[in-house]
Structures are given as C-alpha cells and as structure tokens.
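Here the structure is laid out as structure tokens; the discussion comes afterwards.
Only heavy atoms go into these numbers, but all of them, side chains included; no hydrogens, no water, no symmetry mates. Remember, predicted model here, so these are calculated numbers, not experimental data. One is the number of the first residue; the rest follow in order along the sequence.
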Amino acid sequence: METNDRAHAADSTRSALLILADGRFPAGGHAHSGGVEAAVKAGRIRDAAGLGAFCQGRLHTAGLTAAALAAAAAGGLDPLALDAAADARTPSPVLRSTARRLGRQLMRAARTVWPSPELDALAAAHPKGAHQPVVLGLTARAAGLTERDAAHCAVYETVSGPASAAVRLLGLDPFEATAVLARLAPAMDQVADHATAAARQGIDALPAVSAPLLDITAEQHAAWPVRLFAS
C-alpha cells in the first residue's frame, strides 16, 4: 500500500508539472513574444532556422537566469531577496515592468490553483507584482514540484513563447516551430540542470547572463505605436 501511495504522489506531481508548463495555463504569457516581434521586424528571424538561432540565444541567457531564479524560489530561498536579485539581473526598465506584470498575472492563477501562505506573503509584499520567475518558483513549490521542475518550466517558457509568436507573426508552419523546440530539448535539459545546480549554492551563485540586444529591442518595441504583442 505504501508503494502505491508513493507512486500516486509521483503521478500527481508529474500532472502538476504538466499543468504549470501548459501554455493554456492562464498566466498571461500568450500576449508576449519574448522579443520575437522586434526580431522579425528587424529581419533577424525570417524562417524556422532564424527562430532556432534566436531561441538558442535566448535559452542560454534570459532562460538560464530565469530558470535559476525559479529553481531557487522552489528550493525555499527568500523570495524577497530573489526578487531583488531578479531586478539586478534585468537592466531594461521595460523588461522589469513586463516581468512584474507577468508575475502578477501568474500569482492570480497560482493562488487559485495551489493556495499557499508563501504565495500570499509575496503577493502582500509586492501587490503590483513580483518578478515572474520568482512567482513561478513559489508556484512550483506550492504544487509540490522540485527545483529542477521549476527550472524546466522556466526554460520551456523561454522558448515556447517565442515559437508560438513566430507562428503568428510569420505565418510559420506550426510543425516547423514545434520541431525547433524538439531540437532544443537537449539544450533545455542542460540549462535546467545548470540553473538547478546554481540555485542550490545560494543567491550569490545565481547566473546573471546578459542579452543586451534583447534589452535594447525591448525598449524600442515598447515605443512602437502599433504592435501585436505587449513585449
């Protein structure tokens, strides 16, 4: 009976991971392109190959940083200190605002799906929104997920959002966009492992990998009078 209980708990945890990583989870990410809209307009993404290169770069910069923050929050590190660390790792004011807006939306969903005193405390401390990766990590913790699970959710979001946006912006074949993600799967696993290992060493060991072009184009994109995506 004990073995069956453990197996049931593991199955439930895997199901929670699928729910949290599902693009249909109401966290607001569908309204953001992750920098793809600006890259498409600049001609840096024209096809699946360009999307793959973009996602590879985003994965190893913004993705690694976000995954480490999420893993650290899931592991029980101080979310307020992690939020400050996220601020320090986000030089673009527009991207800081975006991260907090997404964090606020995720918080609303998370507190409904997986109620948690830790989520309540973070929401009270940051009523206008904490950084999304920190909220993601606390959400994973509330759902009974591990640091590595939280890191996987973060790295998947880092590339799945841009892939979905490219389909809408370029009329890209959805099969090709999904193939881009599939080819990135080994790299996603490596980044999640790297992020988890760093998170277990404490806040001072968290990666702070920069992506200056993403920062610059985010600021430019925010000034466009007409755009399809919020960021």
Whether the side chain of [X] engages the backbone of [Y] through a donor-acceptor N/O pair (distance < 3.5 Å, no angle test) should be reported.
| X | Y | result |
| --- | --- | --- |
| D83 | A130 | no |
| T61 | G57 | yes |
| S97 | P93 | no |
| R100 | K128 | no |
| E118 | L138 | no |
| Q201 | L206 | no |
| R141 | A74 | yes |
| D149 | T146 | yes |

Measuring from [X]:[atom1] to [Y]:[atom2], what's the distance to the nearest 0.5 Å?
| X | Y | atom1 | atom2 | result |
| --- | --- | --- | --- | --- |
| T112 | M107 | OG1 | CE | 11.5 Å |
| Y156 | L184 | OH | CG | 11.5 Å |
| M188 | R183 | CE | CZ | 11.5 Å |
| H32 | T98 | NE2 | OG1 | 6.0 Å |
| L77 | R200 | CG | CZ | 11.0 Å |
| W114 | L145 | CH2 | CG | 7.0 Å |

[Y] reachable from [X] in the ILVMFWY side-chain graph, under 4.5 Å edges:
| X | Y | value |
| --- | --- | --- |
| V36 | L59 | yes |
| F229 | V94 | no |
| L20 | L122 | yes |
| L106 | L102 | no |

Regarding D215 and R96, does a basic nitrogen lie under 4.0 Å from an acidic carboxylate oxygen?
no
Salt bridge flag under 4.0 Å for residues E37 and R227
no
Distance-only donor-acceptor check, side chains Q132 and Q105, under 3.5 Å:
no
Between E219 and S92: side-chain donor-acceptor atoms closer than 3.5 Å
yes
Closest non-hydrogen atom pair between [X] and [Y], with its separation:
| X | Y | value |
| --- | --- | --- |
| G63 | T158 | CA-OG1, 3.4 Å |
| A16 | A143 | CB-O, 3.9 Å |
| L69 | P133 | CB-CB, 3.9 Å |
| V209 | T65 | N-OG1, 3.4 Å |
| P207 | R89 | O-NE, 2.8 Å |
| A38 | T217 | CB-CB, 3.9 Å |

Which pairs with one or both residues in residues 194-226 pass ring-ring contact (aromatic ring centres under 6.0 Å, His included), sequence neighbours excluded?
H221-W224
Is there a side-chain contact between Q220 and I216 (heavy atoms, below 4.5 Å)?
yes
